[in-house]
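I have placed the structure first, in the form of structure tokens, so that the comments after it can refer back to it.
What you see is a predicted model; the values in this text were computed from it and never measured. Every number for a ligand or one of its atoms is a count from 1 in the order of the listing. The analysis underlying the following values was restricted to heavy atoms, covering all of them including side chains, and did not include hydrogens, waters or symmetry mates.
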Amino acid sequence: MKLQNPELLQQANYWDGLWRQSNSGETIEVKNPANNALVGKVPRMSRAEVASAIQAAERALISWRQETAQKRGQILCAWADLLLQHQDDLAEILTTEQGKPLAEAKGEVRYAASYLQWFGEEAPRNYGDTIPAAKPGQKILVQKQPIGVCGAITPWNFPIAMLARKVAAALAAGCTMVAKPAELTPFSALALALLGERAGVPAGVFNVVTGDSAAIGDEFTENPIIKKISFTGSTRVGKLLQQKSATNLTKLSLELGGNAPLIVFDDADLTLAVEGIMAAKFRNAGQTCVCINRLLVQQSVYDEVMQKLKTAVESLIVGDGHDEGVTIGPLINQSAVEKFQRHYDDAIEHGAELLCGDGKADGNFVKPVLMANGKPNMIFAHEETFAPLLIAIPFATEEEAIRIANDTPYGLAAYFYSKDISRVMRVTDALECGMVGVNETAISNATAPFGGIKWSGYGREGSKYGMDEYLQVKYVLLG
Ligand code: SIN
């Protein structure tokens, strides 16, 4: 890895303002998914060490919550600036540990910075309320106070942005945080911590620990100091965290799996629709929670859409994310490749028509696949694929499209293309999900509430709603 600032690659954990190794000396190896080369090692912290980090966050909470919101905001904005200044190095780290093309990695760094900036600016706007009281002579005040020490568990697919959007909201609200990044991609999180330290985040306010997911998850849910956990990851783990959080009634935000439909109606701008499909399906090689999993195309425009898509999918370039022009990097590991192949084989076996790609893998690299004649009973229609496999299902009527779109236990994002305003209102109302993109698939940004319903979880990230997740309401009656 060629870094202008090699110290950004930290092979240590950060808590209470110090960089540390585990007492046992045990480490976790991190491999580059493009070539399986060793990127580096991070400590495998014991539960007792994670508990020490949590105690540090509790000590830091006392002064951080009393700091002015302006000051907290200034630190977050300075942190955002540092991310932008170091975006080339941060993108290099991200591509090396995660695989996505460098241009996408830089985009992710800017996306991460946008959360720090937005919440930095929002921190001083954490207003309360006064409410006309029920009795004469009284007043009701409503204050929003930081919930306390928070745990964050973040995924490998957006290793810097997902953590930035959690820590930005938490710190703006006056909370402190202990974060556990995915074992596969810890270096982006550790670089984020280093830049936070340089931006002036006080010791103990933001801490990063690496180690076994189950052990750290247990510590987060069983340690009564942790008042809130924000998790992005699988529905299976989200459900487990909810069960375990019953012990302390720990508040949760869960951003879980999805199975996003995208519907192309016959009145749509088809060129725009194809651009949107390509952007949303193949971002990060299809490894995005809000990726399209089911493409529904109305029969009268089906052939035209499939032809345009075939041309677009064939133009994608697979390779090492560091190489010029590459648009599809490797999948994260072999189990991701196996899932891709399982969905591919099932669709072929049940009669889907292959238009491009071949379902074969070279290491963690797979060619993007486009298939026609998908059916709602195929595996991809029920399970998140998380790979560059796009299967289209033809439909006849609006009612049928909505029925298929909602036929999933997940409810994160949904998209549709139509120029008919009455249809836009009807379909928007009918879709069961937390986010709808209408004639647009780039729905994620710091100003908007990101999150799902059903098995895609609950809670929102980004926007004023994201801040509320880290606040608790205290009502005061003045007699
Ligand atoms: C995710 O895949 O979890 C989030 C992607 C995004 O923020 O757009």
For Y111, the ligand 1 atoms whose distance to one of its heavy atoms is below 4.0 Å: 6 (C), 7 (O), 8 (O)

Enumerated ligand 1 atoms positioned under 4.0 Å from heavy atoms of M162: 3 (O), 4 (C), 7 (O)

Per-residue contact class, N157 against ligand 1 - non-hydrogen pairs under 4.0 Å: side chain

Atoms in ligand 1 with a heavy atom of T288 nearer than 4.0 Å: 2 (O), 5 (C)

Those residues that, when tested against R294, pass side chain to side chain donor-acceptor pair (under 3.5 Å) (two or more places apart): N259

Reference residue E469; test salt bridge (Lys or Arg N to Asp or Glu O under 4.0 Å); the match among K227, K228, R165: K228

Those atoms of ligand 1 less than 4.0 Å from some heavy atom in R165: 4 (C), 7 (O)

Residue selection (non-hydrogen contact nearest atom 6 (C) of ligand 1) among G452, G462, S444: S444

Electrostatic pair E255:R460 at N-O distance under 4.0 angstrom: no

Exceeds 12 heavy-atom contacts within 6.0 angstrom, atom CH2 of W64: yes

Side chain E440, main chain A442, donor-acceptor under 3.5 Å: yes

R283 contact mode with ligand 1 (heavy-atom cut-off under 4.0 Å): side chain

Distance filter under 4.0 Å to C289 heavy atoms, resulting ligand 1 atoms: 1 (C), 2 (O), 3 (O)

Parallel, tilted or perpendicular: ring planes of F340 versus Y344, cut at 30 and 60 degrees: tilted

Heavy-atom neighbours of K367 NZ exceed 12 at 6.0 Å: no

Atoms of ligand 1, numbered as shown, that sit under 4.0 Å from any heavy atom of E255: 1 (C), 3 (O)

